[in-house]
Amino acid sequence: MEKNAAAMEKTYAPQDIEQRIYEAWESSGAFVAKRVPGRKPFTIVMPPPNITGQLHMGHAMDGVLQDSLTRYHRMKGDPTLWLPGTDHASIATEVKVVEKLAAEGKKKEDIGREEFLKHAWAWKREYGGRITRQLRRMGASCDWSRERFTMDDRYYAAVREVFVRMYEKGLIYRGNRIINWCPVCRTALSDAEVEYEEQASSLWHIRYPAADGGEGVVVATTRPETMLGDTGVAVNPEDERYTRLVGKKVILPLAGREIPVVADSYVDMTFGTGAVKMTPAHDPNDFEVAKRTGLEVLCVTNLDGTMNEKAGARYQGLTEAECRRLVVKDLEEQGYLVKIEPYTHNVGTCYRCHSTVDPLVSLQWFVKMEPLAGPALDAVRGGDTRFIPDRFSKIYYNWMENIRDWCISRQLWWGHRIPAWYCESCGEMIVSREAPDICPSCRSERLHQEEDVLDTWFSSALWPFATLGWPENTEDLRYFYPTSTLVTGYDIIFFWVARMIFSGLEHMGQTPFDTVLIHGLVRDAQGRKMSKSAGNGIDPLEIIDSYGADALRFSLCQGISPGADTRYSTERVEAARNFANKVWNAARFVLMNLEGEEKLEGKRLGLADKWILSRAQIAAREIGEHFDNCEHGLAAAKIYDFAWGEFCDWYIELAKADLFGEDAERKRAVRAVLQHVLETLLKLLHPFMPFLTEEVYHFLPGREEESCMLSAWPEYDESLFFEQEDRQMQGVMDIIRAVRNLRADLKVQPGHRARLLLRAQPGWEETLRGAETHFLRLASASEVEYLNEGNAPEGKLVSAVTGAAELFIPLGELVDLDKEIKRLQKEYDNLTGEIARAQGKLANPGFLSKAPEALVNQERQKLSDNLAMQKTLSQRLSDLRG
RNA sequence: GGGAUUAUAGCUCAGUUGGCUAGAGUACCACGUUGACAUCGUGGGGGUCACUGGUUCGAGCCCAGUUAAUCCCACCA
């Protein structure tokens, strides 16, 4: 049963209704996706926020785009699933838990793995639900019954299954490779997790004397402390300066070891001295050279970033920075330091803690990328997955084409422990879905599991199918996979999107989504990235508290364009809040003037009625198309313009005449139109402003469905589009604007009504006679007089010309003849310019032959209208000049 | 070093495959308590669409170059 409009507040108060509506939605089960055999579903998997996370503007943007698409498709009747969940965020969470323990005076090493994991799970229980509660406040209509967590049991099973399968296929291997080591997080990182920062540093030039007593070579380095791990010097084989040294030995200063000089084309002859010190254990390039030339690999650092015993007794135990100072000092004192140049270069840093990472060789687990990259490239090249905007495919190609093996082991505790066991008797390694009891090789029972856990992104890569029940062949999996649209920011294309694509292809044989919608970052009002450390973050929840979720949602959709960053500003939210209030009040007005349900069928519709119904059809069609193209910004602009610029500004004002008039039949017709258009408007706006529209919907008499969220999306209805009336109404509106214009120009008191004399242009007479009430109401006319072609009006008049009519207003003393002539002359000049433009165009044979016919006709129509107006103006001017 | 993006009213940005006498919000100015809304209404001022060439009947949109800003990628010690 509908509520009484008298109960509506004068100003929309979102705070009072949002929670109530959300709870009603959720408890009604309306978010729960239903499989309908034979119908194509619309599916979105939510990028799972970290359990450590709190809702920020990035989530808000992500969420709104997904929710509006979800709501649009649900209203269209598609079986719709928006699947939510959270990510265990291995490294991020572990850091938080370590910090919490530190505050209690505890260290993770002291309490041990099991105890630590208890703390981590406690953290998850305490904070894991926080972000999902916050998403509810945004109005997110996800299917919470299918919510998943990347470390729940079934998900864990999927991760183990993937790991074992890939291991057995040879796609996962364990080996000693050079990896990026974060000495603070104390774990290996993948290449994607290293961020490069430019740092001002120095280039140290060091002499390595020849073993036979000669001069030797001078090498240049940015990291002098690593020289302690040098096992050779490399030069370019073409470099004649050094030809005689290749194969000979030089003495490594400070260490006193003899190391060979090798030739490798990797060395750039033009850089530095053309001789490069080789530290294979601590530099990826040197590692490659060492592999080719057979140099030894000597690791001189511990995993905490300090120097180990191989660095020599003098340096052992020092941090790298300390070691660098001492090495430089020693070199200088012993005369090996040739010079120091200032030098800026890129330094790799940890994406979590931003400390400098050390490349070092260690035993880690890797995913072999080459066999996976090919199909992943084909899927996008072949169009199975489409990026919006398209330019992100190029970024994807570039990354995928140059990809190196992915280091997936992390020396952390919180995460999916790698399902590999080692036999303590014979050293056998067993990779298995379940913990083995005995060693298959030596029957020993003394087994221990691999200590490392997997990269968080290894498990999130499985999100589109693991959440649907894989590896079991569930009905959900069969029905909802592959999903439809993935919505995310460009910052995680490599971390997540690319890895989901190759994982989906490898394990499901199909790309995980048709479309990837990439949106931009929400920046602050000055265009800076929002961040905790800069303290410029805006809390979406605070915005919701003061402006309402709908205002926040709409402001995030207004004026955005796929892939482009956007700035948050209070002004934008205020504008959206004002829009919400405008719609609320328009609805309040309509509802106050309805007397029960009034159907459109059988009503005698007038010009304005047919016009607004036509505008509604256009709006429905365009907004639908924009959603189909993921053009939220354009869809938002259209609903805004339709609701405010057409429905409120014009139709409601026009309707008042009939609504407050005496004609009972007209009254009923207008009520029917108001009701119908309001209902359409609410539905079109619902994906953006779900709370407001839902609330208002419940006041509507005779509404189709119980809930706006479940109502049918308005499809374009040809029987409600009236081309002729649509055009005629534009002509009437032009006249009204012209009158208002004149009145404002002459500073006529708004209360002063004046006679309006109209001389219709050919073909407009009937329309204008029918629009009389509109002129009376919106053009402040006391009465409307229709003139014939010949009879010129007498007295002091102001006038204007539109495409539909010549109009005059007798304003007596207010009329200043000179000003009137000036104004008309200006208008005349404008028209003359426009006419010249059109004539030029139409005189151009190229335009006539090549432009589309409709356009040529339109141009001809414009020209003839303008010529008619010009003629009228010219007559009027000559009358005035008398 | 490679690549991408952006450059449109004071400010924030739209402008989807070239048809625009270039739009919106906001700010500004004038007037306004006309029976939904002052979180409002009506009207107004304000832009050689960064620059230079080119393609085209037609360019804010396409192409080339220039300038400026931002971002991503890259193993030059």
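Labels below follow one simple rule: chain letters A, B, ... track the order of the sequence lines, proteins then strands, and each chain is numbered from 1. Given the structure is predicted, the values throughout are model-derived calculations rather than measurements.
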If you find the nucleotide of RNA chain B closest to A/Gln749 and the one closest to A/Phe589, which residue's nucleotide is nearer the 5' end?
A/Gln749

Relative to the 5' end of RNA chain B, which residue comes earlier, A/Arg777 or A/Asn844, by the nucleotide with the nearest heavy atom?
A/Arg777

Taking ring pair (Phe, Tyr, Trp, His ring centres under 6.0 Å) as the test, write out the residues that go with [X], two or more places apart.
X	value
A/Trp650	none
A/Phe494	A/Trp399
A/His752	none
A/Phe554	A/Phe579, A/Phe688

Where A/Val267 and A/Asn236 come nearest, the two heavy atoms and their spacing
O-ND2, 2.7 Å

Could you check whether [Y] and [X], counting side-chain N and O atoms only, form a donor-acceptor pair closer than 3.5 Å?
X	Y	answer
A/Tyr208	A/Asp230	yes
A/Asp191	A/Asn180	yes
A/Tyr490	A/Asp565	yes
A/Thr832	A/Asp829	no

Polar atoms only, N or O, under 3.5 Å: list the protein pairs with nucleotides 74-77 of chain B and their distances.
unit_1 : atom_1 : unit_2   : atom_2 : d
B/A74  : N6     : A/Asn346 : ND2    : 2.5
B/C75  : O2'    : A/Asn285 : ND2    : 2.6
B/C75  : N1     : A/Asn285 : OD1    : 2.9
B/C75  : O2     : A/Asn285 : OD1    : 2.6
B/C76  : O2     : A/Asp268 : OD2    : 3.1
B/C76  : N3     : A/Asp268 : OD2    : 2.7
B/A77  : OP2    : A/Tyr343 : OH     : 2.6
B/A77  : O2'    : A/Ala220 : O      : 2.7
B/A77  : N6     : A/Asp268 : O      : 2.6
B/A77  : N6     : A/Phe271 : O      : 2.5
B/A77  : N1     : A/Asp268 : N      : 3.2

Kindly give the atom pairs (protein nitrogen or oxygen, nucleotide nitrogen or oxygen) under 3.5 Å for nucleotides 20-27 of chain B.
unit_1 : atom_1 : unit_2   : atom_2 : d
B/U21  : OP2    : A/Arg837 : NH1    : 3.1
B/U21  : O4'    : A/Glu834 : OE1    : 3.4
B/U21  : N1     : A/Glu834 : OE1    : 3.4

Gap in Å between the two [atom1] atoms, one belonging to [N] and one to [M], rounded:
N	M	atom1	result
B/U56	B/G3	C1'	30 Å
B/C62	B/A74	P	29 Å
B/C63	B/A22	C1'	23 Å
B/G60	B/C49	P	8 Å
B/U12	B/U70	P	15 Å
B/G23	B/U33	P	31 Å
B/G47	B/U8	P	15 Å

Students often get this wrong, so: under 4.0 angstrom with heavy atoms, is [X] touching a base, only sugar-phosphate, or nothing?
X	answer
A/Met592	sugar-phosphate
A/Pro852	base
A/Arg577	base
A/Phe494	sugar-phosphate

Are A/Lys656 and A/Phe589 in a cation-pi contact, defined as NZ or CZ under 6.0 Å from the six-membered ring centre and within 45° of the axis?
yes

Set out, line by line, the N/O atom pairs under 3.5 Å between protein and nucleotides 42-50 of chain B.
unit_1 : atom_1 : unit_2   : atom_2 : d
B/G44  : OP1    : A/Asn741 : ND2    : 3.3

If you measure from the Lys or Arg side-chain nitrogens to the Asp or Glu carboxylate oxygens, is any gap between [X] and [Y] under 4.0 Å?
X	Y	answer
A/Asp745	A/Arg823	yes
A/Lys862	A/Asp865	no
A/Glu653	A/Arg777	no

Runs of at least three consecutive Watson-Crick or G-U pairs, both distances under 3.5 Å, are what I'm after; which ones involve RNA chain B?
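Stem list for RNA chain B: B:1-7 with B:67-73, B:10-13 with B:23-26, B:28-32 with B:40-44, B:50-54 with B:62-66.
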
Throw together a table of side-chain donor-acceptor distances under 3.5 angstrom for residues 194-206 of chain A, partners on residues two or more places apart or in other chains.
unit_1   : atom_1 : unit_2   : atom_2 : d
A/Glu195 : OE1    : A/His354 : NE2    : 3.2
A/His205 : NE2    : A/Glu341 : OE1    : 3.3

Can a donor-acceptor pair be found, under 3.5 Å and without considering hydrogens, that links the side chain of A/Glu193 to the backbone of A/Ser190?
yes

Nearest-Å distance for atom pair CZ/P, residues A/Arg523 and B/U12:
13 Å

What is the distance, to the nearest angstrom, from the CG atom on A/Leu842 to the P atom on B/G19?
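Interatomic distance, CG of A/Leu842 to P of B/G19: 17 Å.
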
Check for me: is A/Phe660 stacked on B/G35 by the 5.5 Å centroid and 30° plane-angle rule?
yes

When you compare the protein's N or O atoms with those of nucleotides 14-16 of chain B, which come within less than 3.5 Å of each other, and at what distance?
unit_1 : atom_1 : unit_2   : atom_2 : d
B/A14  : O5'    : A/Gly559 : O      : 3.4

Of all residues at least two apart in sequence or in a different chain, which pass the side chain to side chain contact (heavy atoms under 4.5 Å, CB included) check with A/Lys10?
A/Arg588

Check every atom of B/U39, B/A4, B/C73 against the side chain of A/Asn581 and return the nucleotide holding the closest atom.
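In terms of side-chain proximity for A/Asn581, the closest of B/U39, B/A4, B/C73 is B/U39.
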
Measuring from the side chain of A/Lys656 (C-beta onward, heavy atoms only), which nucleotide among B/A36, B/C73, B/C13 has the closest atom?
B/A36

Should the side chain of A/Lys582 and the base of B/C37 be counted as holding a donor-acceptor pair, with the cut-off at 3.5 Å?
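Check passes, donor-acceptor contact within cut-off.
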
Taking only residues two or more places apart in sequence or in another chain, which ones pass side-chain hydrogen bond (donor to acceptor under 3.5 Å, both in side chains) with A/Glu834?
A/Arg837

Does the side chain of A/Phe647 come within less than 4.5 Å of A/Asp641's, by heavy atoms?
no

